[in-house]
Amino acid sequence: MDFPDDWFTPVVRVRVESGGVDEYGDTLPGQRTLHDLPPALFAPGGTSEPVQAGAMPVIVAPTVYWRGEHPDINAGDKLIIGGWEYEVDGEPKAWPLGLEVALKAVKNVE
């Protein structure tokens, strides 16, 4: 089954590369690198609104799918999709016909 081109959305991977250690053995901050990935199918998923004193966060949990492709994505990466930055939630799931990646973002509502 082929999908129309306008169903696919651009995806950018954000990865923090290791900054190494200083002369005292302390970890140095890493540098964020951005890498364009192949366009993917984006499923908005659900939202939840946990009750916390003093804040009104909304947790969104979309999923992104690559059909016939397995781009390099790790559990510690973030993905930028539609102007929003999402954390990869768990390990990406490699299937014979593609890759499935669960995402998570916490957005504070004022």
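Source: prediction; values computed, not measured.
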Considering only residues two or more places apart or on different chains, which pairs with a residue in residues 20-30 satisfy salt bridge (Lys or Arg N to Asp or Glu O under 4.0 Å)? none
Over 12 foreign heavy atoms within 6.0 Å of NZ, Lys93: yes
Return yes when atom CG of Asp5 has more than 12 non-hydrogen atoms of other residues, nucleotides or ligands closer than 6.0 Å, and no otherwise. no
Between Trp66 (side chain only) and Pro38 (backbone N and O only), is there a donor and an acceptor less than 3.5 Å apart? yes
Tell me if a side-chain donor or acceptor on His70 pairs with a main-chain N or O of Gly98 at a distance below 3.5 Å. yes
Is any side-chain heavy atom of Ile73 closer than 4.5 Å to a side-chain heavy atom of Leu37? yes
Taking all non-hydrogen atoms of both residues into account, name the closest pair between Gly90 and Val88 and its distance. O-CG1, 3.3 Å
Just jot down the side chain to side chain donor-acceptor pair (under 3.5 Å) partners of Glu100, sequence neighbours excluded, or say none. Trp95
Identify, with sequence neighbours excluded, every residue that meets side-chain contact (heavy atoms from CB on, under 4.5 Å) alongside [X].
X	result
Ala61	none
Glu17	Arg15, Thr33
Pro39	Phe8
Pro4	Asp6, Trp7

Could you pull out all residues at least two apart from Glu85 that satisfy salt bridge (charged side-chain N to carboxylate O under 4.0 Å, His left out)? Arg32, Lys78
Check salt bridge (charged side-chain N to carboxylate O under 4.0 Å, His left out) between Asp36 and all other residues, then give those that pass, not counting sequence neighbours. none
Check each of Val60, Asp77, Val101 against Tyr86 using the side chain to side chain contact (heavy atoms under 4.5 Å, CB included) test, and report the only one that passes. Val60
Considering the options Leu79, Ile81, Asp89, Leu103, which one meets the side chain to side chain contact (heavy atoms under 4.5 Å, CB included) requirement together with Pro62? Leu103
Are Phe42 and Trp84 co-members of a hydrophobic cluster defined by side-chain heavy atoms under 4.5 Å apart? yes
Please assess Leu99 against Tyr65 for the test side-chain contact (heavy atoms from CB on, under 4.5 Å), listing each intermediate value before the final yes or no. CA-CA 6 Å; Leu99 186 71; Tyr65 301 92; over 6 Å; no
Kindly give the cluster partners of Val21, where membership spreads through any ILVMFWY side chain lying under 4.5 Å from a current member. none
For Leu34, which fellow cluster members are found when Ile, Leu, Val, Met, Phe, Trp and Tyr are connected by side-chain heavy-atom distances below 4.5 angstrom, either directly or through intermediates? Val12, Val14, Ile80
Atom pair CG/OG1 of Leu41 and Thr9 - distance to nearest 0.5 Å: 9.5 Å
